[in-house]
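Reading through the structure tokens given below for one structure.
These figures come from a predicted structure and were not determined experimentally.
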Amino acid sequence: MSRRKDSYRIIYEVVRKIPSGKVATYGQIARLAGLPGQARQVGYALHYLPSQTKVPWQRVINSRGRISFPLDSVAWSMQKSILESEGVQFDESDSISLPQYQWKS
DNA sequence: CTCGTGACGGTAT
DNA sequence: TATACCGCCACGA
């Protein structure tokens, strides 16, 4: 239980640093949170967020530059619309282009 | 304690 | 590009 308190809290802090109009991948967040190779835990941490959170969970996407929800889900369309309202642009494949990542080599 | 699950990622085929 | 595997690990049954 305290395990969740420690690592999840750091994950939330890192996610909150992603500026509006930009996105980051689960893997990038994991590394910045000191949990390299544990991208799944980032997704798990976000899954546990309450609905009225200040953490910008919508700015976290997968390594393929796409939203990690089924294409036909409500969650998917909701995340996409929020990102678009923040200025994030999607291409015809519903993926986000490189320049919009805050951290990318 | 064991097992299945999952908002992931990298590599192989 | 698409699938299949495997590594990763907190959680809950």
Side-chain angles (χ1 to χ4, degrees):
Chain A
M1 289 301 144
S2 61
R3 196 59 150 289
R4 182 169 110 188
K5 185 177 183 182
D6 298 333
S7 46
Y8 285 23
R9 193 172 135 281
I10 300 177
I11 289 174
Y12 297 148
E13 287 179 14
V14 176
V15 174
R16 294 184 63 161
K17 294 177 182 173
I18 306 174
S20 177
K22 295 286 185 177
V23 295
T25 69
Y26 294 92
Q28 291 173 336
I29 299 300
R31 286 200 301 281
L32 292 170
L35 301 169
Q38 298 183 219
R40 291 191 86 136
Q41 297 314 124
V42 175
Y44 214 81
L46 297 186
H47 176 72
Y48 268 72
L49 283 170
S51 49
Q52 301 80 3
T53 180
K54 298 175 184 175
V55 181
W57 56 270
Q58 73 277 10
R59 297 174 192 157
V60 185
I61 59 178
N62 61 35
S63 65
R64 293 160 19 198
R66 300 202 181 88
I67 292 173
S68 283
F69 280 120
L71 285 169
D72 53 13
S73 67
V74 212
W76 187 90
S77 40
M78 179 185 294
Q79 183 171 3
K80 184 182 181 183
S81 61
I82 296 177
L83 286 177
E84 291 184 317
S85 72
E86 296 183 342
V88 176
Q89 297 185 312
F90 291 74
D91 61 23
E92 50 291 321
S93 315
D94 283 318
S95 60
I96 299 171
S97 56
L98 231 54
Q100 298 178 85
Y101 288 66
Q102 180 180 18
W103 307 285
K104 190 76 183 184
S105 51

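- Rounded to whole angstrom, the span from the CD1 atom of A:I11 across to the P atom of C:dC8 amounts to 17 Å.
- Not one side-chain nitrogen or oxygen of A:Y26 sits closer than 4.0 Å to the OP1 or OP2 atom of C:dC9.
- Across A:I11, A:I10, A:L46, a single residue satisfies side chain to side chain contact (heavy atoms under 4.5 Å, CB included) together with A:I29, and that is A:I11.
- Between the CG atom of A:D6 and the C1' atom of C:dC11 there is a distance of 16 Å, given to the nearest Å.
- Remark: A:K80 qualifies as a cation-pi partner of A:F90 under the 6.0 Å distance and 45° angle criteria applied to the six-membered ring.
- A:E84 and A:S81 share no donor-acceptor pair across their side chains, judged by distance under 3.5 Å alone.
- Rounded to an integer number of Å, the gap from A:I10 CD1 to C:dC9 P is 15 Å.
- Applying the 4.0 Å criterion to OP1 and OP2 of B:dG9, one finds that A:S63 has a side-chain N or O inside that range.
- Here the P atom of nucleotide B:dG10 and the CG atom of A:N62 are 10 Å apart, to the nearest Å.
- By the 6.0 Å contact criterion, CD on A:Q89 is open, its count of non-hydrogen atoms from other residues, nucleotides or ligands being 12 or less.
- Each of B:dC8, B:dA7, B:dG6 was ranked by its minimum atom distance to the side chain of A:A39; first place goes to B:dC8.
- Comparing atom distances between the A:Q41 side chain and each of B:dG9, C:dC9, B:dA7 picks out C:dC9 as nearest.
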*Apply side chain to side chain contact (heavy atoms under 4.5 Å, CB included) to the pair A:Y44 and A:Y26, showing each step before the final yes or no.*
CA-CA 10 Å; A:Y44 214 81; A:Y26 294 92; over 6 Å; no

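- A 4.5 Å side-chain heavy-atom check between A:K22 and A:E86 finds every atom pair outside the cut-off.
- In this structure, CG of A:D91 is placed 14 Å from C1' of C:dT1, rounded to the nearest angstrom.
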Please tabulate the protein-to-nucleotide N/O contacts below 3.5 Å involving nucleotides 11-13 of chain B, giving atom names and distances.
none

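- Counting distance only, with no hydrogens placed and no angle test, the side-chain atoms of A:R40 and the base atoms of C:dG7 include a donor-acceptor pair under 3.5 Å.
- In this entry the distance linking CG of A:D72 with P of B:dA7 reads 14 Å, nearest Å.
- Rounded to whole Å, the distance from OH on A:Y12 to P on B:dA7 is 14 Å.
- Residue order along DNA chain B, read from the 5' end via each residue's closest nucleotide, puts A:Y44 first among A:G27 and A:Y44.
- A:Q38 comes within 4.0 angstrom of the backbone, heavy atoms only, and of no base.
- To the nearest angstrom, P of C:dA10 lies 8 Å from OH of A:Y8.
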Let me have the donor-acceptor pairs involving side chains of residues 50-57 of chain A, under 3.5 Å, with sequence neighbours excluded, atom names and distances please.
residue, atom, partner, partner atom, Å
A:T53, OG1, A:V55, N, 3.0

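- Where A:H47 and A:R31 meet DNA chain B, the nucleotide closest to each residue was compared, and A:H47 sits on the side nearer the 5' end.
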